[in-house]
Amino acid sequence: MREFLKKILKKVRYLTVRLLLLLYGRHHGLDAHPYINSRGQYKELKQCLFFQKILRVNSHVPWPVNFTSRVGNPENIHFDKRYVRNFMAADCYWQGMSPIYFKGSFLVAQHVAFISNNHDIHSIALHNLDVSPIIIGDNCLFSIGCVILPGVVLGDNTIVAANAVVSKSFPEGNCVLAGMPAKIIKKLDPQKIKKGSYVEFWG
């Protein structure tokens with residue numbers, strides 16, 4: 001009898017947490033279901049809910065985000081909410097002082113930084129407010145440790161290699177960028193590119 005009650009309580013606790021996660025997602029206009037399709041995604045969203053809503057880490061961000069990351073001015077970060085799980089990546093920096101636009105699907109690894117505004121070179125205490133937005137095309141990948149600087153425009157199917165620093169635009173897309181500053185090291189054949197879905201990318 002005791003084992004039976006333990007199983008019942010465990011099931012009730014599990015369903016309660018799932019309901020909280022669903023309400024959390026719906027409250028912010030998100031569909032929480034993709035998070036709970038696997039044990040790993042379910043655990044990630046639980047962590048976000050705990051840190052953001054209870055411990056108030058990144059509480060100003062209206063979508064789930066890793067507690068080790070920093071997000072500035074989330075209202076200036078625009079993306080398709082089907083890909084919100086990219087904000088689960090650890091130790092990322094999303095500086096939204098100027099707008100950042102993600103035009104389609106994208107994947108972000110750990111320690112990636114999107115810097116949308118620089119300090120004024122003539123007065124380092126101030127920021128340069130005359131900055132073009134960062135615009136990211138569809139089906140782009142940002143490898144671990146890469147940095148995207150203000151005003152950068154990347155076309156569809158752009159892969160940014162690990163630790164690359166992208167300081168200028170590559171609007172043509174279909175390429176692999178690497179280096180500091182980043183340059184094209186490989187052109188991609190558009191006919192060979194397969195655009196995976198959200199679930200296919202993350203499992």
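No hydrogens, no waters, no symmetry mates; every other heavy atom, side chains included, goes into these values.
- Counting only distance, with no hydrogens or angles, the side chain of Ser98 and the backbone of Asn117 share no donor-acceptor pair below 3.5 Å.
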- Message: Let's go through Val160 and Cys146 carefully: what are the C-alpha distance in whole Å and the side-chain angles of both, what is the deciding distance for side-chain contact (heavy atoms from CB on, under 4.5 Å) to 0.1 Å, and is it a yes or a no?
- Response: CA-CA 7 Å; Val160 182; Cys146 69; 3.7 Å; yes
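- Side chain of Asn76 to backbone of Gly96: a donor-acceptor contact under 3.5 angstrom is found.
- In this structure, His119 contributes its side chain and Ile124 its backbone to a donor-acceptor pair below 3.5 Å.
- Residue pairs meeting the salt bridge (charged side-chain N to carboxylate O under 4.0 Å, His left out) criterion with at least one member in residues 131-158, sequence neighbours excluded: Asp138-Lys195.
- Proximity of Pro62 to Pro74: side-chain heavy atoms (C-beta onward) are separated by under 4.5 Å at one or more points.
- A donor-acceptor contact shorter than 3.5 Å links the side chain of Asn86 to the backbone of Phe106.
- Residue Met180 is found in a hydrophobic cluster whose other members, listed by chain and number, are Tyr93, Ile115, Val147, Leu149, Val165; membership requires side-chain heavy atoms under 4.5 Å apart, directly or through intermediates.
- Put simply, OG on Ser116 and CD1 on Ile77 are 7.5 Å apart, with the number rounded to the nearest 0.5 Å.
- Nearest approach of Ala90 to Ser69, heavy atoms of both residues: C-OG, 3.8 Å.
- With rounding to the nearest 0.5 Å, the separation of OG1 in Thr158 from CG in Asn174 is 7.0 Å.
- When every heavy atom of Ala89 is checked against every heavy atom of Ala109, the shortest pair comes out as CB-O, 3.5 Å.
- To the nearest 0.5 Å, atoms CG (Leu177) and SG (Cys140) are separated by 9.0 Å.
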Identify all side-chain donor-acceptor contacts of residues 183-193 below 3.5 Å with residues at least two apart in sequence or on another chain.
from	atom 1	to	atom 2	distance (Å)
Asp189	OD1	Gln191	N	3.0

- Full working for side-chain contact (heavy atoms from CB on, under 4.5 Å) between Phe79 and Val84: CA-CA 8 Å; Phe79 61 96; Val84 71; 3.7 Å; yes
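- Connection of Val153 to Ile136 is not established within any shared hydrophobic cluster, with ILVMFWY side chains joined at heavy-atom distances below 4.5 Å, either directly or through further cluster members.
- Its side chain within the 4.5 Å cluster rule, Val57 clusters with Phe50, Phe51, Ile54, Leu55, Phe67 among the Ile, Leu, Val, Met, Phe, Trp and Tyr residues.
- Under the side-chain hydrogen bond (donor to acceptor under 3.5 Å, both in side chains) criterion, Thr68 pairs with Asn66, not counting sequence neighbours.
- Here the closest heavy-atom approach between residue Gln52 and residue Asn58 is recorded as NE2-O, 3.2 Å.
- Asp80 meets the salt bridge (charged side-chain N to carboxylate O under 4.0 Å, His left out) test with Arg82; sequence neighbours excluded.
- What you find for Ile134 and Gly151 is that their closest heavy atoms are CG1-N, 3.9 Å.
- Here the options are Leu154, Asn139, Ile135, the test is side chain to side chain contact (heavy atoms under 4.5 Å, CB included), and the partner is Lys103; only Ile135 passes.
- Ring orientation note: the planes of Phe114 and Trp94 are close to parallel, at an angle under 30° on the 30°/60° scale.
- Linking Ile, Leu, Val, Met, Phe, Trp and Tyr residues whenever their side-chain heavy atoms come within less than 4.5 Å places Val112 and Tyr83 in a single cluster.
- Interatomic distance, NZ of Lys168 versus CZ of Phe170, reported as 4.5 Å (0.5 Å rounding).
- The backbone N or O of Cys92 lies less than 3.5 Å from no partner atom in the side chain of Gln110, so there is not a single donor-acceptor pair.
- Using bins of under 30°, 30° to 60° and over 60° for the plane-to-plane angle, the ring pair Tyr101/His78 lands in the parallel bin.
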